[in-house]
Amino acid sequence: MNPALKSLFSTNPNNKNFKFYVEKCNHLLKSISSKGSVREGTLLHGHLLKMGISSERYVAVKLLIMYLNFRKPAEANEIVKKFNGFDAVVHNCMIDANIRWGNIEEARRLFDEMPERNEVSWTALISGFMKHGRVEESMWYFERNPFQSVVSWTAAISGLVQNRSSFEALKVFLRLLESETKPNEVTFTSVVKASLELGNFRFGMSIIGLIVKFGFENYLSVSNSLITLCLRMGEIDLARRIFDRMEQRDVVSWTAILDMYVEMGDLGEAQRIFDEMPERNVVSWCAIIARYSQKGYPKEALKLFRRMFEEGFKPNVSCLSSVLSALATLENLRAGQNIHAQILKTGIDGDIFIDSSLIDFYCKCRETKDGRMVFDSITEKTVVSWNCMVGGYSLNGQMEEGRDLFDKMPCRDNVTWSAIIAGYVENKEFDKVFELFNEMLLSGETPNSSTFSSLLCACASMASLENGRNLHGKLIKVGVQYDVFLGTALIDMYAKSGDIENSKLVFDRMPKRNEVSWTVMIQGLAESGFVEESLALFEEMKITSSIAPNELMLVSVLFACSHSGLINKGLQYFRSMEAVYGIKPKGRHYTCVVDMLSRSGRLYEAEEFINNMPFQPEANAFAALLSGCKTYKNEEIAERTAQKLCELAEKGSFLSAGYVLLSNIYASAGRWVDVSNIRKLMKEKGLKKSSGCSWVEVKNHVHFFHSEDGTHWKSPEVYEMLELLRFEMVQ
DNA sequence: ATAGGGTTAG
């Protein structure tokens, strides 16, 4: 039993300390009402009845509040009867409770029937409508409130912020200043949050002046919100100064500063702060786990999750959804299934955040069926749950299912559009990509940096410079926030479309670069023929950044070496791969080396290199060697290589390009019998020389032209036009 | 009436 309750029961009050005793009861009532159990409350109520103090007016009010908190309307009504009907206080309690229970209309009815309303009644209704997203009605009451205290002003301001109307909130705040009502610390925390939501840092900074003027700079809540504001503004030093200067700090202050270090990627310092925190609660645990998961450190997030258990904290709903998100990133199906089972067992299922995380988790683990099962089980789906499912299908290339859901969605946001567009990009259905983009614009949805990165990726795949440039212009016009993803997509688009100058320009101007940005730039330079620059950039990266070389960069580096005849340098890079960078060379790297040696005529070395490979070489490696044999007219090695290629062909792991190359070599040596044998072989296997293909875009529609099979649906017109042009040119 | 924590797109 509750020890405080036990001690109360064992005390016998006398006349002298009776007042103190009632005080004690009152206090306990309050504490049980907010965090106790119904049983404790009923016990205490019984005791108060016995002692004859339950009819003391303020005790009775507390009892009423307690029963309302426990959502026991019958018991609450019993108490109300004792008041001989409703008075303002009872009315206000009932209004408050009904708002919490979602019965806003009942609250309004109670308000209307009040003979005399006070400030509390008005404020309850104003904030009640705000909580239910009914901003206009709330403001209607706000404007007619005869009392207009700081509290109702603040209720309106914070309500507007909650309803994503921060601009309106700031306008109300300015009116408040003109009205000569003094704002308080709650007002300031709300106003700071408003400028944070708006991203209006200038306003935020001027708020700091007002805070000092009104003397609230030493308030804990004000300082905490200022720290968050400074962090989001990038004023890290200022945030740290405010934190250091605070006389007292609470979990919120510590969590905010911890957040900063995770944000900066300084995990060591974050860990240190976390260990140093004088106090940790479930929220701070959840905060750090969530942040690690969001910032791309899923393994660390899971480690912390385990530690949280060890230290005796029980994860709550928000913590579990972060953990599921981390497991989704790691594609750890087993662990996620365990958590899913735990969730079902403890009966905390049915949370929309958890369910959305589960959908995403199953889809990322390629189990779209399980994801769909969770999705179908949700009775009240949100945009996010829809997005998870549509995105899940997109991710797995199930575009038909994805499109089907997309069309059925009751409302879409820019994540929805981005998800489906990304799916079509991944699936290389580029005409659909631009079709949907136009539809998106028509629907009035504003594309963001994510949407644009997908579109630019499509342009890069099509080497469509014109389209890419248009998009670049459009995204400047829309005022999209630049981020690493978008910058990288631009670099890639320009590089793959052959405009290496602009590619470099974007790269140089990026304030922050990640591994992909460097990879894409190094690759772009190498493949555009700027091999020295590519190699120089690779070296620069090793010295000036904290990014480690990766597999893809080394493919580019080796490619650059082989195309500029830097054989020895290339071989050196190849050898240092495992020894220095700790990257195990893959087939592609070996192929680059074979290519390097073959191009320079070191055919015997190349052959030996292939023979000594620790695993099955790529067909392309033989092709590269064959190509060298053709250039340097070495039929002996060509013969042996051809033999190997044929063996590969038997196993079925062979490309048609290899056959074509082989037949070309025989042809150039005049060995027509062999040529026809290969052609026959290709026919038997149903292989076709992959046909040439080119395309143009007209009005955002991509038209393909294939060299062999396909005729474009407007071919006759195209040829007619060509004939016309030729005729005019000849004249 | 207020501050710190949750799910989705690249």
Side-chain angles (χ1 to χ4, degrees), chain A residues 119-120 123-124 126-128 130-131 149-159 161-162 184-193 196 219-229 231 250-259 281-291 293-294 315-325 328 351-361 363-364 382-392 394-395 412-423 425-426 447-458 483-486 488-489 492 516:
Chain A
E119 198 183 300
V120 181
T123 312
I126 293 170
S127 74
M130 284 295 188
K131 265 186 205 137
S149 67
V150 210
V151 181
S152 58
W153 279 100
T154 308
I157 293 174
S158 71
V161 177
Q162 273 167 27
N184 67 12
E185 75 278 11
V186 181
T187 325
F188 278 116
T189 34
S190 308
V191 171
V192 170
K193 197 180 173 207
L196 191 75
Y219 275 72
L220 191 60
S221 62
V222 177
S223 300
N224 284 345
S225 61
L226 277 179
I227 290 180
T228 319
L229 177 73
L231 289 178
D250 65 358
V251 200
V252 181
S253 344
W254 281 97
T255 310
I257 215 77
L258 176 74
D259 209 29
N281 59 18
V282 183
V283 178
S284 41
W285 274 104
C286 292
I288 187 168
I289 291 174
R291 203 57 92 211
S293 165
Q294 289 162 351
N316 60 17
V317 181
S318 63
C319 190
L320 287 171
S321 43
S322 298
V323 168
L324 279 170
S325 160
D351 179 83
I352 191 67
F353 278 90
I354 295 252
D355 284 341
S356 305
S357 308
L358 277 171
I359 297 171
D360 179 55
F361 163 77
C363 292
K364 291 239 168 81
T382 61
V383 205
V384 177
S385 36
W386 281 92
N387 286 348
C388 290
M389 202 60 236
V390 171
S394 273
L395 193 79
R412 309 181 182 115
D413 62 8
N414 55 15
V415 177
T416 325
W417 289 97
S418 303
I420 193 95
I421 288 177
V425 173
E426 195 63 33
N448 62 11
S449 78
S450 170
T451 328
F452 277 109
S453 352
S454 293
L455 289 161
L456 288 166
C457 178
D483 61 17
V484 193
F485 285 103
L486 185 56
T488 307
D492 199 36
V516 186

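Letters A, B, ... are given to chains in the order of the sequence lines, protein chains preceding strands, and every chain is numbered from 1.
- Across all strands shown, A/Asn281 has heavy atoms under 4.0 Å from base atoms, whether or not it also approaches the sugar-phosphate.
- When all heavy atoms are compared, the tightest approach of A/Ser190 to A/Val161 is O-CG2, 3.9 Å.
- When every heavy atom of A/Ser149 is checked against every heavy atom of A/Glu119, the shortest pair comes out as OG-OE2, 2.9 Å.
- Residue contacts for A/Asp355: at a heavy-atom cut-off of 4.0 Å it reaches no nucleic acid atom on any strand shown.
- Within the 4.0 angstrom heavy-atom criterion, base atoms lie near A/Asp483.
- Using a 4.0 Å heavy-atom distance criterion, A/Gln294 is classed as a sugar-phosphate-only contact.
- Within 4.0 Å (heavy atoms only), A/Ser454 reaches sugar-phosphate atoms of the nucleic acid but no base atom.
- Minimum interatomic distance between A/Thr189 and A/Val186 (heavy atoms only, all atoms of both residues): OG1-O, 2.7 Å.
- No contact: A/Ser225 has no heavy atom under 4.0 Å from any strand.
- The side-chain hydrogen bond (donor to acceptor under 3.5 Å, both in side chains) test applied to A/Ser152 returns A/Asn145, not counting sequence neighbours.
- Residue A/Ser449 is classed as a base contact, given a heavy-atom separation below 4.0 Å to a base.
- Counting non-hydrogen atoms of neighbouring residues, nucleotides and ligands closer than 6.0 angstrom, the CD atom of A/Glu426 reaches no more than 12 such neighbours.
- Counting non-hydrogen atoms under 4.0 angstrom, A/Glu426 reaches nothing in the nucleic acid.
- A/Asp351 comes within 4.0 angstrom of a base, heavy atoms only.
- When DNA chain B is scanned in the 5' to 3' direction for atoms under 4.0 Å from non-hydrogen atoms of chain A, the outermost contacting nucleotides are B/dA1 to B/dG10.
- When heavy atoms are screened at a 4.0 angstrom cut-off, A/Ala422 is found touching the sugar-phosphate backbone but no base atom.
- Looking at residues two or more places apart in sequence or on another chain, you find a side-chain hydrogen bond (donor to acceptor under 3.5 Å, both in side chains) between A/Ser318 and A/Asn316.
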